[in-house]
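This is the structure, below, for whatever I ask next.
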Amino acid sequence: MNKDPYGQLASSLYASLNKQTRQAVGGVGAVLGTITSTGLKLDDFKHELQDYMVAELPGLLSLPRYTAAGSANLGGQQQDMTFDVEEHEMEDTLFQLGKGLKPGDRVLAVRVNSGNDVVVVCKVVSSGG
């Protein structure tokens, strides 16, 4: 006969809670990866993922005032030109990260939906560029 049924119950609940917590937290969080020619290879997962998401950033694009200088061929004559562009804001812009990624690029990815999906958040470069 068991001498401490409450201790055994507490131990069983503790073990079950521990397992559930590990399953809930495992597989979520940020991880580094590499874009391949056919998908995404995460540093902590041995298989390549072909089905992943890439973040898009909608918003307002603010352009500072700047001057562009160059030369153009007009009517057979080379002419130097300067363009002054005033400060400008463009609404409804969309930065599409996925269109700028190439095989070999290092990326930061985040697991979502209990680790079932992966979203590439940004490209990662060394501090030297």
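Remember, predicted model here, so these are calculated numbers, not experimental data.
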- Item | Closest non-hydrogen atom pair, Ser71 against Gln78 | OG-NE2, 3.0 Å
- Considering all heavy atoms, the nearest Val119-Ala55 contact: CG1-N, 4.0 Å
- Message: Could you check whether atom CG of Asn73 has more than 12 heavy atoms from other residues, nucleotides or ligands sitting under 6.0 Å from it?
- Response: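 Enclosed: over 12 neighbouring heavy atoms sit under 6.0 Å from CG of Asn73.
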- Run through the side-chain heavy atoms of Ile, Leu, Val, Met, Phe, Trp and Tyr, join any pair under 4.5 Å, and report what else lands in Val120's cluster.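 Answer for Val120: Val31, Ile35, Leu40, Leu42, Phe45, Leu49, Tyr52, Val54, Leu57, Phe95, Leu97, Leu101, Val107, Val118.
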- Under 4.5 Å between any side-chain heavy atoms of Pro103 and Thr36, yes or no?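 Result no, sub-4.5 Å side-chain heavy-atom pair not found.
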- Query: Atom CG in Leu60, atom CD in Glu91: separation rounded to 0.5 Å?
  - Reply: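 Answer rounded to 0.5 Å: 6.0 Å.
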- Query: Distance from Ser37 atom OG to Lys102 atom NZ, nearest 0.5 Å?
  - Reply: 14.5 Å
- Query: Closest heavy-atom contact between Val112 and Met53?
  - Reply: CG2-CE, 4.4 Å
- Task: Would you name the heavy atoms of Gln96 and Glu56 that are closest together and state the gap between them?
- Result: NE2-OE2, 3.5 Å
- Message: Looking at every non-hydrogen atom in both residues, tell me the closest pair between Gly100 and Asp105 and how far apart they are.
- Response: O-OD2, 3.9 Å
- Could you tell me which non-hydrogen atom of Lys41 sits nearest to which non-hydrogen atom of His47, and how far apart they are?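 Heavy atoms of Lys41 and His47 come nearest at CD-O, 4.1 Å.
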- Message: Tell me whether Gln79 at atom CD has more than 12 heavy atoms from other residues, nucleotides or ligands lying less than 6.0 Å away.
- Response: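 Buried by this count: over 12 neighbours within 6.0 Å.
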- Message: Quick check against the 3.5 Å criterion: does Thr93 have a side-chain atom that pairs as donor or acceptor with the backbone of Gly59?
- Response: yes
- Message: Rounded to the nearest 0.5 Å, what separates atom CG in Leu94 from atom NZ in Lys99?
- Response: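 Interatomic distance, Leu94 CG to Lys99 NZ, rounded to 0.5 Å: 8.5 Å.
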- Query: If you measure from CG on Leu32 to CG on Asp44, what distance do you get to the nearest 0.5 Å?
  - Reply: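 Here the interatomic distance stands at 9.0 Å.
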- Task: Kindly compute the distance separating CZ (Arg111) from CG (Asn113), expressed to the nearest 0.5 Å.
- Result: 13.0 Å
- When Ile, Leu, Val, Met, Phe, Trp and Tyr are grouped by side-chain heavy atoms lying under 4.5 Å apart, directly or through other members, which residues fall in the same group as Met81? Leu74, Phe83
